[in-house]
Amino acid sequence: WVQLVESGGGSVQTGGSLRLSCAASGSISAVYCMAWYRQAAGKERTGVAGIYNHNSYTFGTDGVKGRFTVSLDKAKNTLYLQINDLKPEDTAVYYCAATSGGYCPGLDPNPRAYEDWGQGTQVTVSL
């Protein structure tokens, strides 16, 4: 189990960029995979992108590929999400999640699929 804290959100104009961070309280050596989710106001939480710890394989949705890049700095115990060319539909609270089990849920919409969750960071994109 790890404690996760997101940061880096804010208000930006359409076309801008942000880099979100998810810092773990301790070592992530036992983590199997991590992922970013987002939840717009009044909507369900949906998966954005993730990464496997052991081989750095990344996964994401077709809607965010090319604009969203997930990476993991194991030495800093920190997960990142680089977002480029932000659009109004990207407005949401962004959460990071992790699991230490032997199975990676990928972008399973069920929030119970991951063991550990951060409290989220707000991203607001204006025209």
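The figures here come from the full heavy-atom set of this structure, side chains too, leaving out hydrogens, waters and symmetry mates.
Note that the CG atom of Leu20 and the CZ atom of Phe68 stand 8.5 Å from one another [nearest 0.5 Å]. In this structure, the separation between OG1 on Thr99 and CG on Asn53 is 11.5 Å, given to the nearest 0.5 Å. With values rounded to the nearest 0.5 angstrom, Ile51 atom CD1 is found 10.0 Å from Cys33 atom SG. Taking OG of Ser100 as the start and OH of Tyr114 as the end, the distance is 11.5 Å to the nearest 0.5 Å. The CG atom of Asn110 sits 10.5 Å away from the CD atom of Glu44 when rounded to the nearest 0.5 Å. Between the CZ atom in Arg38 and the CD atom in Gln122 there is a gap of 12.0 Å [rounded to 0.5 Å].
With a 6.0 Å radius and a threshold of 12 heavy atoms from other residues, nucleotides or ligands, Gln3 has its CD atom at or below the threshold. Remark: Glu89 CD is packed, more than 12 non-hydrogen atoms of other residues, nucleotides or ligands lying under 6.0 Å away.
Closest of all the heavy-atom pairs between Leu86 and Ile83 is CD2-CG2, 3.2 Å. Across all their heavy atoms, Met34 and Leu4 have their closest contact at CE-CD2, 4.0 Å. Contact detail for Gly106 and Ala35: the closest heavy-atom pair is O-CB, 4.2 Å. Closest non-hydrogen pair, Ala98 versus Val31, comes out as CB-CG1, 4.1 Å. Nearest approach of Val123 to Gly9, heavy atoms of both residues: CG2-CA, 4.2 Å.
Cluster membership check: Val5 does not share its hydrophobic cluster with Val2, using side-chain heavy-atom separations under 4.5 Å among Ile, Leu, Val, Met, Phe, Trp and Tyr.
Between Cys104 and Phe59 the shortest side-chain heavy-atom distance falls below 4.5 Å. Pro88 has its side chain within reach of Thr14: a pair of non-hydrogen atoms, C-beta onward, lies under 4.5 Å apart. Taking 4.5 Å as the limit, every side-chain heavy atom of Ile28 sits out of range of all side-chain heavy atoms of Leu79. Side-chain atoms of Tyr94 and Glu6, non-hydrogen and from C-beta on, never get closer than 4.5 Å to each other.
In terms of the side chain to side chain contact (heavy atoms under 4.5 Å, CB included) criterion, residue partners of Thr78 (sequence neighbours excluded) are, by chain and number, Ser21, Ala23, Lys76, Tyr80. Under the side chain to side chain contact (heavy atoms under 4.5 Å, CB included) criterion, Ser17 pairs with Gln82, Asn84, not counting sequence neighbours. Ser27 meets the side chain to side chain contact (heavy atoms under 4.5 Å, CB included) test with Ser29, Asn77; sequence neighbours excluded.
For Tyr32 and Tyr52, the gap between ring centers is short of 6.0 Å.
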| request: List the steps and the verdict of side chain to side chain contact (heavy atoms under 4.5 Å, CB included) for Cys22 and Trp36. | output: CA-CA 9 Å; Cys22 173; Trp36 287 95; 3.8 Å; yes
